[in-house]
2 protein chains.
Amino acid sequence: MPPRKTKENVGTPGRGTLGRPATISDVARLAGVSVGTASKALNGRGSLREETRRRVRSAADELGFQPNSAALTLNSGRTYTVGMITTDTIGRFSIPLMTGAEDSLGAGRMSVFLCDARDDPIREQYYLRTLLSRRVDGIIVTGRRTQARAPIGVDLPVPVVYAFISSTDPNDCSVVPDEVGGARKAVDHLLALGRRRIAHVTGPEHHHSAAVRASATVERLAESGLDLVGAALFGEWSEAWGRQATGILLGAGGEFDAVFCGSDQIARGVADALRAVGRRVPDDVALVGFDNWDVMALACQPPLTSIDMELEGLGRTAADLLLAAINGEPAPGRHISPCRLVLRESTAVSVRPGSTRVERLAASDAESRRIHR
Amino acid sequence: MPPRKTKENVGTPGRGTLGRPATISDVARLAGVSVGTASKALNGRGSLREETRRRVRSAADELGFQPNSAALTLNSGRTYTVGMITTDTIGRFSIPLMTGAEDSLGAGRMSVFLCDARDDPIREQYYLRTLLSRRVDGIIVTGRRTQARAPIGVDLPVPVVYAFISSTDPNDCSVVPDEVGGARKAVDHLLALGRRRIAHVTGPEHHHSAAVRASATVERLAESGLDLVGAALFGEWSEAWGRQATGILLGAGGEFDAVFCGSDQIARGVADALRAVGRRVPDDVALVGFDNWDVMALACQPPLTSIDMELEGLGRTAADLLLAAINGEPAPGRHISPCRLVLRESTAVSVRPGSTRVERLAASDAESRRIHR
DNA sequence: GTTCTCCAGGCAACCGGTTTCCTAAGTTTC
DNA sequence: GAAACTTAGGAAACCGGTTGCCTGGAGAAC
């Protein structure tokens, strides 16, 4: 069947003038050349007259020709796709990771298969097999926790990069946020503000991030010859725990001028509880959160200084490492991605004259004891 | 080169005993049959001896054979992939949608290409072309707002389903949450609790969801012969606005016994502001949010009754409609997906004896006027 | 005018599967 | 024992591109 040149349909992507996507032989026929010539014309290969190239190109345009990528895959061996497996559910942390990774990969003309394994090892292995069967060029493994996990497979035929989480195998390529550095930046900042009596409220003790951030905090304070006020308070990643922990701190004497929290949610709970007993943030107590989750950090009263793990950048880094590995330049090992301190009012230097910080601290302290039992 | 049967490597998915993924001719050679026969054996086609099938199958197992899906695509015309384009940034609303869709599609053995167009029409068209070039079997278009948008393309060669957002072309297949029904459920609930003086605080007037939910609220109240307390308060989707709007309501006389909010964030701001002036939730003011965003609804004091758009279910529905369309049973038009009322303490019926609601209302009312100017 | 050179473009193999068609056996039947 | 029928499995076309090789014709050199 000759191509119906009469019914022109330019601009409809992928369909052209036929009922099905145009193939290169449609293009060749319309341009009056052979299939091989058409291919060369479109890819700038071979030796062809400029006029022929033009004719082929315009035929391709007219038909809305897009090469069938299955065919390309078949003889290049490359699919220009990568798989992204989130080992646990897609959530708040995965989004910026995915966005960043997708950004870098898209720039490299790669498409991304999304696989949500939902904490289910069976789903995970199913997805792995699927991705390998689709001959992806590489795989990014990500998750909700930074704790190291067992490698997703051994001796896989494609490169794998772990993002946010890391692999227990030190030879695997992992990109993880510098939580230690992040915690240290938070403490540095509080110390620079002149705060010396710093408390730490964070998530469950068995949670890797909570443990890492807490011990980095203790260590950084020790370097300045300081101790944490009380011990690190481990609880859960919730506002309610932040409120509860504040009660514990106040009940224990309440002699603290800063709280560094393991998450913005906890910090917000702390802020609310402090406000309820009349302690002012930042004047009486400076407050630093972790995650820089805009919804929490901005809605907090006052807006919250926080540590940003720069997950989007981390995702981009992971994607770049994967692209490099695909191009034969693997960079095995754990790569540390820096955190950033984001300053907001909860640690702003007060410039209100008329009452010194210490006076107000003493006053609100008494009040808080009265209110809080 | 004969297959190296000596170095067995069973269990390594996709690699087998060779340095590259095994092909069906590797399997055929190892089993001592032709490729055609091997194909038949593995797919249960043709007429073969059971013993031959077994031999081929075990050869395939030994080599870790996984059919190259590019090859499958090439002669079936089906890729068993779909594209998911989020027109604006991937965010809180997209996640459950994606999760739900990915769930249904995975069950249909389809893989999902993730495309984040970031509110950029050029990126969107780029992704569309990419997806068509990859010969996806279908496309899901989603986004952050429920407002109808221009079709992503006309006369596309594959079915498209719009999820959450809808297409302005009524013949396109869209799945949208029943925001009108959701708002009505909220009002129904408040009315059933005996509340009659209901206020509405919501997002920007030009935001489709805000407008739709507000007018549904007004309409439902009118059906019961009631008016909104004051006009609907349009502002922004933030806690700060919720607090501010509460001030407006209180300043205007404060004679309201319920607030229905256009989002959980707003509702939380309202809750905080009410608490600050001593009005009790739910005793004095019942509070209903929208979105049922767990972080907000659960952290709210008290936990927030809210309308859940069941986005994960909506995503599944969209995927199911797409699968149906791919299988030749399209269901054009707008499909409405119901919302669900989730009950929590912010509208719980108080059972505290000793003081009637009305008494307390009067008391706290006086107090609130005192505090709030 | 003949041979050489060069170039435009066609032909066909190939990637890795599936499927149709066909043939060489073995089995049954009379 | 020969003809008819069944059956296992092989050969080859095909999907849609790319690419190496080859050829026919035009122009140049002699």
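Sequence lines set the chain letters: A, B, ... in the order given, protein chains first and strands last, and positions in each chain run from 1.
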S.K.: So what does A:Val35 hit on the nucleic acid, given a heavy-atom distance under 4.0 Å: a base, only sugar-phosphate, or nothing?
M.R.: base

S.K.: Nearest whole Å is fine: how far is D:dA8 P from B:Arg45 CZ?
M.R.: 17 Å

S.K.: Counting heavy atoms from C-beta on, name the nucleotide in D:dG16, C:dG17, D:dT18 closest to the side chain of B:Thr23.
M.R.: C:dG17

S.K.: Could you please name the option among C:dG16, D:dA8, D:dC21 that lies closest to any side-chain atom of A:Lys40?
M.R.: D:dC21

S.K.: Nearest to the side chain of A:Ile24, heavy atoms from C-beta on, is which of D:dT18, C:dG10, C:dG17?
M.R.: D:dT18

S.K.: If only side-chain N and O atoms count, and only distance matters, is there a donor-acceptor pair under 3.5 Å linking A:Arg134 with B:Ser111?
M.R.: yes

S.K.: For the pair made of CG in B:Leu48 and C1' in C:dT18, what is the distance, rounded to whole Å?
M.R.: 14 Å

S.K.: Hey, are B:Asp116 and B:Arg118 close enough for a salt bridge, meaning a charged N less than 4.0 Å from a carboxylate O?
M.R.: yes

S.K.: So if I take every side-chain heavy atom of B:Arg135 and compare against D:dG17, C:dG17, C:dT18, which nucleotide ends up nearest?
M.R.: D:dG17

S.K.: Tell me: CG of A:Leu42 to P of D:dT19, nearest whole Å?
M.R.: 12 Å

S.K.: Does the side chain of B:Ser47 get closer than 4.0 angstrom to OP1 or OP2 of D:dT7 through an N or O atom?
M.R.: no

S.K.: Ignoring the backbone of B:Phe65, work out which of C:dG17, C:dA8, C:dT18 is nearest its side chain.
M.R.: C:dG17

S.K.: Strictly by modelled atom types, are B:Ser34 and B:Thr37 linked by a side-chain donor-acceptor pair under 3.5 Å?
M.R.: yes

S.K.: Whole angstrom is fine here: how far is it from CZ in B:Arg55 over to P in D:dA8?
M.R.: 13 Å

S.K.: Counting the atoms with a prime plus P, OP1 and OP2 as sugar-phosphate, which does B:Thr52 contact under 4.0 Å by heavy atoms, base, sugar-phosphate, or nothing?
M.R.: sugar-phosphate

S.K.: Distance only, no hydrogens: is a donor on one side chain within 3.5 Å (strictly under) of an acceptor on the other, for A:Arg334 and A:Ser166?
M.R.: yes

S.K.: Side chain of B:Leu74, heavy atoms from C-beta onward: which of D:dA8, D:dC15, C:dG17 has the nearest atom to it?
M.R.: D:dC15

S.K.: Quick one: B:Arg49 CZ to C:dT27 P, roughly how many Å, whole number?
M.R.: 11 Å

S.K.: Could you tell me how far apart B:Asn75 (CG) and D:dG17 (P) are, to the nearest whole angstrom?
M.R.: 14 Å

S.K.: Rounding to a whole Å, what distance do you find between B:Tyr80:OH and C:dG17:P?
M.R.: 16 Å

S.K.: Over how many whole Å does the gap from B:Arg78 atom CZ to C:dG17 atom P extend?
M.R.: 19 Å

S.K.: So which one's nearest nucleotide on DNA chain C is more toward 5', B:Thr37 or B:Ala71?
M.R.: B:Ala71

S.K.: Quick check with a 6.0 Å cut-off and a 45 degree axis cone: is A:Arg123 positioned over the face of A:Tyr126's six-membered ring?
M.R.: no

S.K.: Determine: side-chain N/O of A:Asn43 to OP1/OP2 of D:dT18, distance under 4.0 Å, yes or no.
M.R.: yes

